[in-house]
Amino acid sequence: MSTIHKSPWLLHYDGSSCNGCDIEVLACTTPVYDVERFGVINTGNPMHADIFLITGGINSQNESVVKQIYDQMPEPKVVIAVGTCACTGGIFKECYNIKGGADTVIPVDIYVPGCAARPESIIDGVVKGIGLFKEKAAALKMASKAN
Amino acid sequence: MGNRSIVPYGPQHPVLPEPIHLDLVLEDETVVAAIPSIGYIHRGLESLTSKKDFNEMVYVAERICGICSYMHGMAYCMALEDIMNVEVPRRADYLRTIWSELSRLHSHLLWLGLLADAFGFESLFMHSWRLREKILDMFEESTGGRVIFSVNTIGGVLKDMPKEMLEGFVKQLDEMEKEIRETTRIFLDDYTVKSRLVDVGIITGEDSIRRGSVGPMMRASGINVDMRKLGYAAYNDIDFEVITSNKCDSYARCEVRIGEIFQSIDIIRQCVAKIPDTEINTKVTGMPNGESIIRVEQPRGEAFYHVRANGTKFLDRFRVRTPTFANIPALTQTLQGCQYGDVPLLILTIDPCISCTER
Amino acid sequence: MRELKKDLYLIDKSELLHVIMEKKNALWRLCQICCSYPTLEKHFEITYSFANGYELANYRLIAERDEGVPSISRVYKSAINYENEMHELWGLNVENIKVDLHDKLYRIDVETPFLEKEEKEDGQ
Amino acid sequence: MTVQIRIILAICYIVGAPVVIGLLDGFDRKLSARMQGRRGPSVLQPFYDLKKLFEKEFLSANIMQLFMIRSYLCFIVLSGILFFAGFDLLLVVFALSTSAMFLILASTTTHSPFSTQGTHRELIQIMACEPMELLVAVGFYLATKPKTFNVANIVLNSNYSNIVFLPGFFIGFVFILTIKFRKSPFDIATSHHAHQEVIKGVTSEMVGKEYAMVTLAEWYENAILYGIVGLFLINKNPFSIIGAIAVILAVWFLEILIDNTSARVKWQLMLKLAWGVTLVAAGMNLFLLEIIRS
Amino acid sequence: MGQILPFTRQVLKNLFSQPATTNYPFEPKDYPERTRGHIDINKDACILCGMCMRSCPPGAIKVDRAGKTWSINRFDCIQCGYCTEKCPKKCLTIIPGYQEPGPAKFVDTVEVPYEPPKPAAKPAAATTKN
Amino acid sequence: METLVTALICFPFLWAILPACVHNSKRRAFFVYLGCGIVMILSIFTAIRWYIDGGQTLNFRLPFQEMFGHIFLVGDVLLMCFITYLSYKYKRLIIAVLTIVSTVVPTLLEFVGPKLPNTYTMRFDYLTFIMVIIIGVIGSLIGIYAVGYMHGYHIHHHKELTDRRSFFLAMIFVFFGAMFGLVTSANLLSIYFFWEITSVTSFLLIGYTRTEEAITNSFKALWMNLLGGCGLAVAICAGYLWLNTVNLFDMIRLAKINPGDMRYLLPIAMLAFAALTKSAQFPFSGWLLGAMVAPTPSSALLHSATMVKAGVYLLIRLSTAMVDNCVGNMVSLIGGFTFLAASCLAISVTDGKKVLAYSTISNLGLIVACTGCGYEETIWAAVFLVIFHAVSKSMLFQCVGAIENTTGSRDVEDMQGLMSIFPKLALILMVGIAGMFLAPFGMLISKWAALKAFIDTKSVYVSTLMVMFICFGSATTMFYWTKWMAKILGASKRPKSRDLTKKNEYISMFFHAFLMVTLILGFPWLSVNVLKPLSREMFGVVEQVISRQNIIIMIVLLVGIFVIPLINYLMTKNTGYRQVLTYMGGANAGDNMNFVSATGDPREMHVANFYMEEIMGEKKLFTPAIMISTFIIIVYLIIVIGGTLA
Ligand code: SF4
Ligand code: SF4
Ligand code: SF4
Ligand code: SF4
Ligand code: SF4
Ligand code: SF4
Ligand code: SF4
Ligand code: SF4
């Protein structure tokens, strides 16, 4: 029985958000919301992370950063786009330097809308993301058996 | 290259929730050179003026920054009110002042928390943020949003705060004040905290002017400048002293911001006591034509709005010089010769707002 | 409030460095440099704002599309970012910036996005 | 002490240490959370984390790291066995520092800026702690009659708890435990809480099972350290075990409390404090003890 | 110098008092009435004028006069409330209760019963989330 | 036996003429190899022969003892003249004074002083046995290495220097002879002669390149060593004036049976003082550091098998006379202090050879401290340290030299990722470093014994201080070695490139590595069959220094340190894994070496080790260390001399 759904460590990267969503992500770790209840640790290191929380849209400079961080995360992993910006580009999507939401460079598993996304929303998103782990872990096991 | 390390710092780094990148040259852990680079969040939102009309731009302006979002929206509205010669009702001015000060409160508490996180004091971080949640609750109760409020409009504000709500807030703030005092005492007195703050990142008053720094960064170097003294919104009716410190180091910056927390509480009290009963907005008609500069004191310092309209609904130029942008040269100076462990701390002592810096 | 209306001085290029030195020596703080390309006038307007205490002084330089302006980054270090920004976003030719980042300040894909915008509207 | 007993003790250590320390860790996280006004995770969280790490995909920048980490784990366990089966205390300390070296080598093989930076801090931490660790062994040697480094003899030959003779050593040791447990204010190389300028320090580049092994090794090491704390109390009276457990729990709580009430200091201050306390507390105690014993 | 561990009192107080953590998501959260959760439409009042579509800053609303639908991409909406200001019929409101996160972005479409020239016909079945 | 020993001493001196005269480099190389081979075989043969004969302490007189006596006398005077000439030439008159005083006074006494009983002048015992093997084996390996190294040194790297290889190689042989003579002599007069030869030879070797720096440093070495020589001279005088003997062992015996009498202690103190200078203890460490300017083989020679070993050899001899008295305390304190101070200093330097130099000083400090304590355990530890140190240090020097010849730099920072560029060199370096400090390897075993002995030392002050020195010193030692190892193992920046190391250099280095491993594996045997008799010889009692249980643990650790990583390596070699870039905060510029810099271009990343210049820097620590140690020496010498006069 995999335990990944019981200890999803998350990595937060600020794409090009306005910070509204970022501070709400941070707020999730603080006493009132305390995502550590679900075993979540806000790690800063992609190598240790299971959930990639990305806020804000993608621009030409952070594109490679986002992609690289994603690549450095070991499977199984879940990407959660937090905030309207990360979902679609939001209010900034017409800016010359915004390429769109997070899904323009990496596959997104859960979209959390809102501007700013509320901590409750983020918790819901994380919980839904955790739900995906079971399947992903099983799929990974299958794949490694096949090898 | 000998015993010098050349390492990247950021853009993704846990002590930096916002992406900023530094090339660091280190000797052991002493920073010999630090070259900052920005651009990871650059969106180009100033250019949206050609796509959004001046009314929609209020919402864009708010989203320049999620922390002082309120003041961005307000400053933008003030600039257009200036261009269009709109007289804002007095109650709206007071409401704006109250929300501004609440923003400052929440921003400074947030900053204290992040500072605690940067020097590895997790429980203090948690505690500061727990206090901050109460301010956010006030925001949510009065505006419906926790970080982005959308209550400003050209000509005033969109939502009023009834008397009971205001008085409730004051009561809550009275209660919080004691707790905040307890918490901030740790920042000022604790031995380990002081070992991280005192004499770290010194910048003198003259240097801070030469480098164009603003806000608490400048006031902590003994320069007495606070844009609220210009008397915008209701500040001309409010009695307050500019808080400065002469120590010029990180500790001084912390001290100044802590002082401002209590000052904000006091200003809110004064506002609630004095707030007049008028309309909260005036109808605005026509197209803006003209140019205006507005300077407001945000939690991080002076924000500089330069708006130029040409008589159409699309503005010619909408320019924001945010406090962080102005503080980066000073940051670069303080980084020289600091310790590697001080880097996140020093970045934090300018209270960075990269998102608004890069717009 | 309403600061621009009283303190805007038009200067030309030759006066610029003189003004800057004067401000520097009087310990004025460089607030910002703003570049714009108004739709109607079709030239660059570069506004330098200085503050001293609560006072504000704005100096405006007018430059044509392909005209260069001198850099003030040797007098005011903090001008480096502003000038690089003007060059990267507007294509304004600022001569001899102390640290010339060669359009790498924001590292955007679009060339001179702000000017492009104006050009497009020209076409319409 | 017979060989059978030693073997049993060693097996108890191998099996029991991760369970006990894992649980302590779980309670630690719960307690820390409560101190911060949060609810915190389940007390079994450390085990979930560990299991998950073993299940993650294995990626690496340098495969050399893996065998170094395994060696690190093996050596820690070996030192633990030496300790709990009652062998020579000084050799245990030496074996521990050998194992630490494998960790250091493991983290530098990748040449990542953060793990290398963390490594150097780790080295400083080791340098800060090592004198005290050696001195503890010296202290026990002096305190027991006849003088011996042998853990079993230390326990079996002492009529009183050795803490009576070694208060300074105890204080010094508890002080460096904060460094050893990577707790604030001395969590400079790798931090379990808050965020670190060196990301995850030595473990920055360790993924999945590598990280799990390091965590496991840390648990084994902590077991030894708690064991040494217990050694201050244990004497030939079996009831002293209760006292030892009480003191271990008290030290554990104290470490959590300190962790939650201090900022991370810089390495210069850490080195100064650690060596200062070692010199003053343990040095004075050593001097007095020698006078008494000579 | 400074004091040694002055935070101890607060920490111990926290340890022995109730944590501040809410029980969300196991207990629902009570939102204040002003909370800007999501846009709701009173489809009977809408006249498909498209004012909301033109004013929405991120362009989340689509009004299709011909197909008689009003649709909103909830993953685009920034809850600014500008549409509610602008709507001539005041048929848009912003109410508590936010859009749930999900694995895919989607558009909520409402069929609007409004008949421009003639009086309104029977309202068609509408699908609104929440 | 007499003949063998005589041959051992004389052969190298005579053979030195060959390389000195032959200038064809091929032929000269051949002679050097041959000479080294003969020295090695001769020394091993002598030693084994003695061991097989029962390993009894042999006291004897050389054949033609009278003649040798005259040779020594004339030699002393010639050396004095030579040094005086040099000091005149380079205007360093103090040196002339030192040499004249220290030579003339004993020589005069020899003529006018009381006639001494005609006792044995030579001794061969277990300590000699060990020293002879070390000098013979390690020394001749260095000689072999030197041929290849000096070739590369002159042909590839230092074309600007005059090629005086003949001289250099000849000096190496002179060194061997002097060392053999030193360790077999029992008579202070002959010891003095050989002692001065090593001083002068080292002076010549250090000044080999004749650069400004080399000359300054060589004179530094000379005056410090001559100062030591003065100590020796004083001891000889005391022998003539009070003790009626110039036999080292008689002096030691006399000091032992008259514990409180300062007059008997004075010569011991003076000999100890001489030994301290020779073994480069603080405050006399300067010369060994300065010796780094010389080509690597001479550093290797000075640091590992010869020169500095002369000092500790003498101290080990003296140790039984220093138990729990003020001379012993002085020696322990100086040693312990040197151990700590030098290891701190080693942290702050980047130059590989300099690190080795400091580590030599520091390790010698530990040995010296052990001898000063003079207990059985400490002597056990000291001898072990001498053996391990000789092998690993020689190996390290050779390796660093080879690295320098190959990569053009001996800076530790430039050895980043050596493991993947020059795996062979790196491996040797690793074994050498491990030999210097890792747990089951020599150093820590010895440290265990030393620590135990120091706790038991009688004087409470000395004991407390020594324990502190050892504890802190081990911590700092760990620091500088580990960071060096870490550097070697890191990822490499450069591609693999051609290894310029000569075959003969490799032969020497691999042989060392092999020796190292053998020593480690053979250490229980060594302990029982060599060290136990040695302590029986010195202390008359035989006690198990280290318990059987601990021996077993050490063997377990020992096997562990080879086997565990190996098994793990084999087990993990084929682990499936996905290769990723190292983590640089998302700023990698496509590979592990470069990152996207602030200007948007790739920039090479570099992570340097810690050097703690502000805390441990030479500027900060060196002078205070000298002052403290000088203070210690002066205080104790005043006590001894005062006691003598009183
Ligand atoms: S969704 Fe809104 S709050 Fe979040 S980053 Fe984007 S603009 Fe900011
Ligand atoms: S240090 Fe603070 S901001 Fe950074 S990741 Fe951790 S919680 Fe977030
Ligand atoms: S600087 Fe402020 S806004 Fe930016 S990431 Fe840090 S806490 Fe958030
Ligand atoms: S710095 Fe800018 S974005 Fe940040 S709070 Fe201030 S105004 Fe807002
Ligand atoms: S600095 Fe960062 S957090 Fe602060 S307002 Fe700007 S973008 Fe937001
Ligand atoms: S706003 Fe008024 S005029 Fe415009 S489309 Fe709507 S109903 Fe018609
Ligand atoms: S609330 Fe704002 S973003 Fe949402 S639909 Fe209305 S106008 Fe558009
Ligand atoms: S919702 Fe309002 S603004 Fe939008 S189409 Fe309907 S009536 Fe018009």
Side-chain angles (χ1 to χ4, degrees), chain A residues 11-34 36 42-46 48-49 52 54-66 68-69 72 83-85 89-99 114-120, chain B residues 10-19 21 37-48 50-52 56 59-60 62-69 72 106-107 110 113-114 117 122-123 125-134 136-137 140 145-148 150 353-356 358-359:
Chain A
L11 173 79
H12 162 220
Y13 182 70
D14 175 355
S16 58
S17 85
C18 78
N19 248 341
C21 290
D22 294 280
I23 55 173
E24 293 293 54
V25 167
L26 269 188
C28 283
T29 65
T30 58
V32 175
Y33 300 100
D34 190 26
E36 205 188 344
N42 182 3
T43 165
N45 184 350
H48 294 174
F52 187 10
I54 178 162
T55 52
I58 299 298
N59 68 20
S60 47
Q61 196 176 340
N62 69 27
E63 195 177 0
S64 64
V65 178
V66 170
Q68 189 187 338
I69 291 173
Q72 279 173 334
T84 304
C85 287
I91 192 168
F92 304 120
K93 65 166 160 291
E94 287 167 87
C95 293
Y96 58 83
N97 201 28
I98 289 290
K99 304 197 165 177
C115 181
R118 301 180 53 88
E120 286 88 2
Chain B
Q12 192 272 320
H13 195 297
V15 265
L16 303 171
E18 287 177 283
H21 171 91
S37 92
I38 55 176
Y40 289 93
I41 324 192
H42 180 64
R43 288 152 289 181
L45 62 81
E46 285 173 357
S47 72
L48 280 180
S50 64
K51 294 172 183 142
K52 313 261 177 231
E56 288 173 60
Y59 302 104
V60 176
E62 275 188 336
R63 282 160 179 81
I64 289 174
C65 165
I67 295 175
C68 16
S69 90
H72 278 298
H106 112 79
S107 171
L110 170 138
L114 289 169
D117 193 53
E122 197 187 26
S123 50
F125 158 68
M126 293 289 180
H127 202 71
S128 309
W129 279 55
R130 186 167 87 182
L131 292 173
R132 171 179 168 268
E133 281 296 324
K134 295 195 180 140
L136 294 191
D137 286 346
E140 182 153 32
R146 281 165 52 88
V147 289
I148 307 250
S150 306
C353 206
I354 308 304
S355 149
C356 51
E358 302 178 8
R359 304 168 307 280

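Lettering follows sequence order; numbering is per chain, from 1.
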Considering only heavy atoms and a distance below 4.5 Å, find which of I98(A), V25(A), N59(A) pairs most often with chain B.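 Of the candidates given, the most pairs with chain B belong to N59(A).
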Tell me which of these, I91(A), D34(A), T55(A), V32(A), has more heavy-atom pairs under 4.5 Å with chain B than the rest.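 Going by pairs under 4.5 Å, I would pick I91(A).
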Reported [atom1]-to-[atom2] distance for the pair [X] and [Y], which is rounded to 0.5 angstrom:
{"X": "N19(A)", "Y": "I148(B)", "atom1": "CG", "atom2": "CD1", "result": "9.5 Å"}
{"X": "L110(B)", "Y": "T30(A)", "atom1": "CG", "atom2": "OG1", "result": "10.0 Å"}
{"X": "K93(A)", "Y": "K51(B)", "atom1": "NZ", "atom2": "NZ", "result": "12.0 Å"}
{"X": "C18(A)", "Y": "R43(B)", "atom1": "SG", "atom2": "CZ", "result": "6.5 Å"}

Which bit of [X] comes within less than 4.5 Å of chain B, counting heavy atoms only: side chain, backbone, both or neither?
{"X": "E24(A)", "result": "side chain"}
{"X": "I69(A)", "result": "side chain"}
{"X": "C21(A)", "result": "neither"}
{"X": "L11(A)", "result": "side chain"}

Which heavy atom in P11(B) sits nearest to a heavy atom in Y13(A), and how many Å separate them?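 Closest approach of P11(B) to Y13(A), heavy atoms only: CB-OH, 4.0 Å.
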Taking Q12(B) for the side chain and N45(A) for the main chain, is one N or O donor matched with an acceptor at less than 3.5 Å?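 Flag not set: sc Q12(B) to bb N45(A) has no pair under 3.5 Å.
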Do any N or O atoms from the side chain of N97(A) and from the backbone of H42(B) form a donor-acceptor pair under 3.5 angstrom?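 Yes: the side chain of N97(A) pairs with the backbone of H42(B).
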What residue, out of R63(B), E62(B), H127(B), has the most heavy-atom pairs lying under 4.5 Å from chain A?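 Heavy-atom pairs under 4.5 Å are most numerous for R63(B).
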Top contributor to chain A contacts, counting heavy-atom pairs under 4.5 Å, from R130(B), K52(B), M126(B), E56(B):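 So the answer, after comparing R130(B), K52(B), M126(B), E56(B), is M126(B).
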Heavy-atom proximity to chain A below 4.5 Å, by part of L45(B):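 L45(B) touches chain A through backbone and side-chain heavy atoms alike.
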Report the C-alpha distance between L26(A) and L114(B) in whole Å, list the side-chain angles of each, state the deciding distance to 0.1 Å, and finish with yes or no for side chain to side chain contact (heavy atoms under 4.5 Å, CB included). CA-CA 10 Å; L26(A) 269 188; L114(B) 289 169; 3.7 Å; yes
Any side-chain heavy atom of [X] sitting closer than 4.5 Å to one from [Y]?
{"X": "Y40(B)", "Y": "D14(A)", "result": "no"}
{"X": "T43(A)", "Y": "P14(B)", "result": "no"}
{"X": "I23(A)", "Y": "R132(B)", "result": "yes"}
{"X": "Q61(A)", "Y": "P19(B)", "result": "no"}

